**Student:** 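I have a structure I would like to understand better, so I am pasting it below and will then ask my questions one at a time.
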Amino acid sequence: MDDERRDIAAELTERVPQPSAAVRLTQPMSELDLAALFDTHLPNIADRVADLGGEPAGAPYGRYHQFGPDVVDVEIGIPVVAPVANLRPLAACEPGELGGSALPGGRLAVVMHRGAYEGLPGAYDRLRAWIAEKGEQPSSGPWESYLDDPSEVEDAGELRTEVCWPLA
């Protein structure tokens with residue numbers, strides 16, 4: 001693990017807030033099937049954003065407001081060029097209802113994970129360790145942006161997922 005942390009190609013960066021359209025769901029870890037949640041909600045989000053005249057501005061994402069040990073609280077969304085009209089703020093929506101949200105701005109630690117989604121927990125672990133080694137404090141709500149569509153990539157080892165962790 002030490003060699004993996006030392007070789008991590010992470011960086012510290014600053015970003016501006018990015019408006020998005022998203023749903024937020026909370027589930028017991030014992031019932032969690034992230035792939036099914038994303039497969040169900042991402043196409044619906046994309047269709048609804050298009051119906052409302054929104055314009056996508058980046059890769060779909062999953063933001064984890066809580067991940068374990070008993071519950072996962074995940075926001076599934078798509079960045080948009082500008083807030084989408086007629087969407088209530090996500091905080092005012094029922095679970096699974098589409099709302100307006102934003103990926104936070106500010107200082108972030110970012111790393112590119114290359115490979116199957118099953119390897120993402122290790123990417124988070126290595127990034128958390130890298131953040132500590134840099135003397136930084138992780139904040140809440142890390143997210144991952146799915147740069148490739150898995151239905152269009154023949155080898156899961158070639159999938160690219162950007163992992164972003166806000167810093168305190």
Side-chain angles (χ1 to χ4, degrees), residues 1 3-25 32-46 49 54-68 72-84 90 98-168:
M1 178 74 126
D3 289 338
E4 291 178 36
R5 280 200 317 260
R6 194 175 13 229
D7 293 340
I8 188 170
E11 65 179 13
L12 296 175
T13 189
E14 183 104 13
R15 294 198 183 161
V16 298
Q18 175 66 58
S20 67
V23 299
R24 190 164 171 178
L25 306 153
L32 183 62
D33 184 345
L34 282 175
L37 287 176
F38 281 87
D39 287 347
T40 297
H41 291 283
L42 276 177
N44 293 337
I45 294 167
V49 166
E55 185 178 344
Y61 69 88
R63 183 172 185 212
Y64 299 95
H65 298 280
Q66 181 179 347
F67 197 90
V72 65
D73 176 355
V74 62
E75 176 181 327
I76 300 170
I78 297 174
V80 290
V81 171
V84 178
L90 188 58
L98 185 66
S101 189
L103 291 171
R107 296 179 66 239
L108 303 170
V110 179
V111 69
M112 184 67 65
H113 169 71
R114 202 175 267 282
Y117 297 140
E118 291 80 12
L120 281 167
Y124 277 96
D125 291 343
R126 288 187 297 279
L127 185 57
R128 183 184 303 114
W130 184 86
I131 291 168
E133 288 172 3
K134 295 293 181 190
E136 299 284 349
Q137 289 292 328
S139 189
S140 60
W143 72 88
E144 53 204 43
S145 295
Y146 310 103
L147 304 181
D148 297 309
D149 181 341
S151 68
E152 297 176 3
V153 176
E154 289 183 29
D155 179 0
E158 295 300 314
L159 288 170
R160 296 171 302 139
T161 307
E162 181 183 61
V163 177
C164 301
W165 205 314
L167 301 174

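Because the structure is a prediction, the values reported are computed rather than measured. For the numbers below, each heavy atom of this structure counts, side chains included, while hydrogens, waters and symmetry mates do not.
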**Student:** Without swapping roles, check the side chain of Arg63 against the backbone of Gly141 for a donor-acceptor pair under 3.5 Å.
**Tutor:**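 Yes; at least one donor-acceptor contact below 3.5 Å.
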**Student:** Of the non-hydrogen atoms in Leu103 and Ser20, which two are nearest, and what is the gap between them?
**Tutor:**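 Result for this residue pair: N-OG, 4.4 Å.
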**Student:** May I ask you to check whether Tyr61 and Glu162 show a side-chain donor-acceptor distance below 3.5 Å?
**Tutor:**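 Their side chains do not contain a donor-acceptor pair, so the 3.5 Å distance test is not met.
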**Student:** Is there a side-chain contact between Met112 and Leu147, using heavy atoms and a 4.5 Å cut-off?
**Tutor:**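 Met112 vs Leu147: side chains touch.
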**Student:** Report yes if the side chains of Leu32 and Leu37 come closer than 4.5 Å at any heavy-atom pair, otherwise no.
**Tutor:**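 Counting from C-beta outward, Leu32 and Leu37 do come under 4.5 Å.
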**Student:** Between Trp165 (side chain) and Ser139 (backbone), is there a donor-acceptor pair under 3.5 Å?
**Tutor:**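 Flag set: sc Trp165 to bb Ser139 pair under 3.5 Å.
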**Student:** Within the side chain of Asp148, is there an N or O that forms a donor-acceptor pair under 3.5 Å with the backbone of Arg160?
**Tutor:**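 Pair found, side chain donor or acceptor close to backbone of Arg160.
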**Student:** Is it the case that the side chain of Gln18 and the backbone of Val80 share a donor-acceptor pair, with hydrogens and angles ignored and the cut-off at 3.5 Å?
**Tutor:**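 Yes; at least one donor-acceptor contact below 3.5 Å.
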**Student:** Is it true that the side chains of Tyr64 and Gln66 contain a donor and an acceptor less than 3.5 Å apart?
**Tutor:**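 Their side chains do not contain a donor-acceptor pair, so the 3.5 Å distance test is not met.
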**Student:** Rounded to the nearest 0.5 Å, how far apart are CZ of Arg114 and OG1 of Thr161?
**Tutor:**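 The CZ atom of Arg114 sits 10.0 Å away from the OG1 atom of Thr161.
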**Student:** If you count every heavy atom of other residues, nucleotides or ligands that lies below 6.0 Å from Glu14 atom CD, does the total exceed 12?
**Tutor:**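 Count over threshold, so yes.
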**Student:** Could you tell me if the ring centre of Tyr124 sits under 6.0 Å from that of Phe67?
**Tutor:**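 Between Phe67 and Tyr124, which both carry aromatic rings, the centre distance is not below 6.0 Å.
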**Student:** Less than 4.5 Å apart, any side-chain heavy atom of Ser101 and any of Glu75?
**Tutor:**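 Yes, at least one pair of side-chain atoms sits under 4.5 Å.
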**Student:** With side chain to side chain contact (heavy atoms under 4.5 Å, CB included) as the test, would you mind laying out the steps for Leu108 and Leu12 before giving the verdict?
**Tutor:** CA-CA 6 Å; Leu108 303 170; Leu12 296 175; over 6 Å; no
**Student:** Where the side chain of Asp149 meets the backbone of Ser151, is there a donor-acceptor pair that is under 3.5 Å apart?
**Tutor:**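 A pair under 3.5 Å: yes.
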**Student:** Indicate yes or no: at least one non-hydrogen side-chain atom of Arg15 is less than 4.5 angstrom from one of Val110.
**Tutor:**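 The answer is yes; the side chains approach within 4.5 Å.
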